[in-house]
Amino acid sequence: MSTDNTKPSPTRNIPEELLSPYDPTATEEAIYTTWKESGFFNPDICIEKGIAEPDAPTFSMVLPPPNVTGVLHMGHAAMLAVEDILTRFERMRGKRTLWLPGSDHAAIATQSKVEKELQKKEKKNRHDLGREAFLERVHAFAQDSHDNIVDQIAKMGASVDWSREAFTLDEARGKAVNEAFIRMYNDGLIYRGYRVVNWDPKGQTTISDDEIVHEERQASVYTFRYGKDFPIPIATTRPETKVGDTAVAVHPDDARYSAFVGKEYDVTFCGVPLHIRIIADKDVDPEYGTGAVGVTPAHSMVDFAMKERHDLPMIQVINEYGKMDVGEPRLKGKKTTDAREEIVSWLKEENLLEKEEEITQNISTAERTGGIIEPLPKLQWFVNVNKEFPFQGHNIKGIAHGEIVTLKKLMHEVVENGQTTIMPERFAKTYNHWIDNLNDWCISRQIWYGHRIPVWYKKTEDGGDIHVGTEAPEGENWQQDPDTLDTWFSSGLWTFSTLGWPEETDDFNIYHPTTILETGYDIIFFWVARMILMTTYLIGDIPFKYVYLHGIVRDSQGRKMSKSLGNTMDPRDAITLYGADATRMSLIIGAAVGNDINLGEDKIRAQKKFANKIWNASRFVMTQCADFDASQETILTKSDTENLKELDGLVAEITNDIEHFRLYLAAEKLYHYFWHRFADVIIEESKARITDGTPEDKHAAQYILSTILTTTLKLLHPFMPFITEKIWSLMPGHTTLLIVEKWPKGT
RNA sequence: GGGCGGCUAGCUCAGUCAGGUUAGAGCGUCACAUUGACAUUGUGAAGGUCACAGGUUCAAUUCCUGUGUCGCCCACCA
């Protein structure tokens, strides 16, 4: 430092630390440690220390548990900022405030990540290691990610109660998962069924409908007949599946084909004998293609549904590896794409192909592995969303105890009756639409990392026994189901599994239902809907009163951040360069509920300047008020009174905005007020009064400055916790922490 | 195919889901000033037919209808 000491020093009364420009990196870690050690993140300690009354209203929220697949991105940072603002606000308002952290094992995402690494580094797959050894690897990876994530959450300043931290795959959550599964099984809401499911040949597991991503591809659609004498031509994009056809469906009113309905034909299709029945089904669109559909019950969900309606046979011709599984040597063992070519050339040879056209079609791929979904018939576990059962709870408006309901009905009801409010409102429509089109949820996965299905099988002479329970029953040879549960099954329990359920705990009684769920709109189906499903059924109550959906953080041009575009921004870098406070502010300003956030570095830099402004203004006020005597009588001028009135107005507005989740507005107003009213005008005007004014005038000016500073620091604290806490600690007479100061009230 | 959202200053967005004087902010740009809280500064300026077209109204960026455009979600017309 090259500070020369020759100048008269107006700064002699301020603490050393305030002299240099604000340096977030030097401050933040120590401040976070102070908070953590104070215990104020934990509501029990707040009550113990008199910060919150024992009977104060509660504010509770779970942290959407980040996946233990790596590090946090800007979207997480935005989420943490919003949630921490709400938490700090309510804590300062004296509520019993709980923000409960944790992480998600993210079954398939984590496993496939570890598998990829294993393949890349050691050229091994999970079977080379075996279940136990492989799981050890996954656990080590998950632990590592977890530690990183915890560190990042702290760096953002999140005031989560670490003493209650949970993990979706820990022992306590395992109990909740088993309890939920067993109850649902006993009520007939979970069943095992042989159905066509979404099979991911790459990940070698089933996945749910929601884990499918549609991708547009060019494809050929072929119009042909099974044989020369077959009366009806059909069209398909997947000729290779046609060796599994057992019917041709036409519309009941289609005059062209009505004469054939009910007839049966035997043909040999590319060497494979087929027995085809002509059926009439209203699901067939007579306008499309030839108006006739080849029905392949084993390899198409719609066709499977037709099979159920018309009692057709089902022949599986493709196996789990996406290879043909039929006797004909031309096809057997071939990949589906190769088999397709074989069949097309066979059709040409036989002169059966009538037309070939190019179309764009949507192809189903697996979200995590990118594998192309192969619909296959498999014996799997499902949650039945349409099954009727008597409602066991008491806390859902409009539904009486014992009333016959379905899971769909419960999910609809709590949003419709206003018990749970989805924000922004438009997403309630999306939510309802999703429920209306919801099919049974396939919850079993053929992967190793996750909650093992609590079901036991035993082979017997006349088939087998099944037992649903946490432990194997008495007797020999019981084998647990090798499959694990969809990761969202355990996250669906998150609002209450984290509070000790199924035990009757104080935490559960006090903090459930939670006040608000803040999460990204991209997981409204995966998670929000599943939580509502699980909670309404298992608890007979809502999981949360409000759902605050935030958008996606994009780059400054509105593009999605992605590694391939090279426009990603690591929150850790942003924090290092500009500080956590600036990073938080940049993610809040301009981010209305449900809107995507365009974030450029400029925006963060601007907020760092703001932090510096706060720092310097505070330093100035402290200097000027060093000789302020609070015991002296204050005579305010008219403009002083107006300034205080304006401050009161600000307090009221900020309070109102946060209460209504308009954080972006509150942040902008604070920014504007502090900089352009307080610093630019009020402080400027005070300068002359303090240097040249009468003692009374000087005193009044000092009173105004310190009052405004004190109040604005409180208002700013939820948004910029580190710098405000730091300044607070440097102000004379402050021995307590700003984090638990009382939120200001307008007069 | 169904549904949803955006379109306001060069860029990113506000405009508080109850229409009304010169439509706001940040960043950027330009000019000037200042080293006595802060050059991470101050003052000032330029810059907008509020996508377009109809309609309702005394009055529309704001309400209604339609069009265009960009984007998103859902959906196995084989």
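Letters A, B, ... mirror the listed sequences (proteins, then strands); counts begin at 1.
A18(B) and G1(B) are spaced 38 Å apart, taking the C1' atom of each and rounding to whole Å. Between U61(B) and G19(B), the two C1' atoms lie 10 Å apart (nearest whole Å). Nucleotides U57(B) and G68(B), compared at atom P, are 27 Å apart to the nearest Å. Comparing the P positions of C52(B) and C7(B) gives an interatomic distance of 13 Å, to the nearest angstrom. Separation of the P atoms belonging to A14(B) and G5(B) is 15 Å when rounded to the nearest angstrom. Atom P of U22(B) sits at a distance of 14 Å from the matching atom of C50(B), rounded to the whole Å. Separating the P atom of U21(B) from that of A37(B) is a span of 41 Å, rounded to the nearest Å. One C1' atom belongs to A78(B), the other to U65(B), and the distance between them is 38 Å to the nearest Å.
Residue-level contact check: Ala679(A) touches the bases, meaning some heavy atom is under 4.0 Å from a base atom. Contact annotation for Asp596(A): no contact, since no heavy-atom pair falls under 4.0 Å across all strands. When heavy atoms are screened at a 4.0 angstrom cut-off, Ile683(A) is found touching base atoms of the nucleic acid. Using a 4.0 Å heavy-atom criterion, one finds that Tyr521(A) contacts no nucleic acid atom at all. Residue contacts shown for Glu684(A) include a base, since a base heavy atom lies under 4.0 Å away. Contact annotation for Ser300(A): base contact, defined as any heavy-atom pair under 4.0 Å involving a base atom. Looking at heavy-atom distances under 4.0 Å, Asn362(A) makes contact with a base.
A donor-acceptor contact under 3.5 Å is not formed by the side chain of Lys429(A) with the base of C4(B).
Note: CD1 (Ile552(A)) to C1' (G6(B)) measures 14 Å, nearest angstrom. Rounded to a whole Å, the CZ atom of Phe620(A) is 14 Å from the P atom of G42(B). For the pair Asn616(A) CG and U40(B) P, the interatomic distance rounds to 11 Å; values are reported in whole Å. In this structure, Asp657(A) atom CG and G15(B) atom P are separated by 11 Å, rounded to whole Å. One interatomic measurement links the two molecules: CZ of Arg605(A) to C1' of C11(B), which rounds to 14 Å at whole-angstrom precision. The distance from atom CD1 of Ile212(A) to atom P of A75(B) is 8 Å, rounded to the nearest whole Å. Per the geometry, CZ belonging to Arg554(A) stands 11 Å off C1' belonging to G5(B), to the nearest Å. Taking atom CD of Glu216(A) as the reference point, atom P of C77(B) lies 14 Å away to the nearest angstrom.
Between Phe620(A) and Ser686(A) the shortest heavy-atom distance is CE2-OG, 4.5 Å.
In this structure, of C74(B), A78(B), G15(B), it is C74(B) that holds the atom nearest to the side chain of Phe525(A).
With the 3.5 Å cutoff on both pairing distances, Watson-Crick and G-U pairs in RNA chain B assemble into runs of at least 3 at B:1-7 with B:68-74, B:10-13 with B:24-27, B:29-33 with B:41-45, B:51-55 with B:63-67.
Residues Trp434(A) and Thr290(A) both approach RNA chain B. Their nearest nucleotides, taken by heavy-atom distance, put Trp434(A) toward the 5′ side. Summary of the strand contacts: Lys669(A) and Ile597(A) both lie near RNA chain B, and taking for each the nucleotide with the nearest heavy atom, the more 5' one is attributed to Ile597(A).
For Phe382(A), the side chain to side chain contact (heavy atoms under 4.5 Å, CB included) partners at least two apart in sequence or on another chain are Tyr191(A), Arg195(A), Val197(A), Gln380(A), Asp440(A), Cys442(A).
Ring centroid separation for the pair Phe661(A) and Tyr546(A) comes in under the 6.0 Å cut-off. Proximity of the aromatic rings of Phe230(A) and Phe260(A) is defined here by a centroid distance below 6.0 angstrom, and this criterion is not met.
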Worksheet item: Passes side chain to side chain donor-acceptor pair (under 3.5 Å), Gln702(A) versus Asp627(A)? Steps please.
Response: CA-CA 9 Å; Gln702(A) 288 176 325; Asp627(A) 60 351; 2.7 Å; yes

Worksheet item: Please walk me through it: do Leu599(A) and Met74(A) pass side-chain contact (heavy atoms from CB on, under 4.5 Å)?
Response: CA-CA 9 Å; Leu599(A) 181 69; Met74(A) 273 299 175; 3.9 Å; yes

Item to complete: For Trp441(A) and Asp486(A), run side chain to side chain donor-acceptor pair (under 3.5 Å): C-alpha distance rounded to whole Å, both residues' side-chain angles, the deciding distance at 0.1 Å, then the answer.
Response: CA-CA 10 Å; Trp441(A) 171 19; Asp486(A) 181 3; 2.9 Å; yes

Report, one pair per line, the protein and nucleotides 23-31 of chain B atoms (nitrogen or oxygen only) whose separation is under 3.5 Å.
from, atom 1, to, atom 2, distance (Å)
G26(B), OP1, His676(A), NE2, 3.3
C27(B), O2', Asp602(A), OD2, 3.2

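Contact check, Asn612(A) against A37(B): no side-chain N or O comes under 4.0 Å of OP1 or OP2. Distances shorter than 4.0 Å separate some side-chain N or O of Asn598(A) from OP1 or OP2 on C13(B).
Exactly one residue among Thr369(A), Thr365(A), Thr205(A) makes a side-chain hydrogen bond (donor to acceptor under 3.5 Å, both in side chains) with Asp200(A). That residue is Thr369(A).
Cation-pi check for Lys603(A) over Tyr578(A) is not met; the charged atom does not lie both under 6.0 angstrom from the ring centroid and within 45 degrees of its normal.
Ile422(A) contributes atom CD1, which lies 15.0 Å from atom OH of Tyr548(A) (distance to the nearest 0.5 angstrom). For the atom pair His672(A) NE2 and Leu650(A) CG, the distance stands at 11.5 Å (nearest 0.5 Å).
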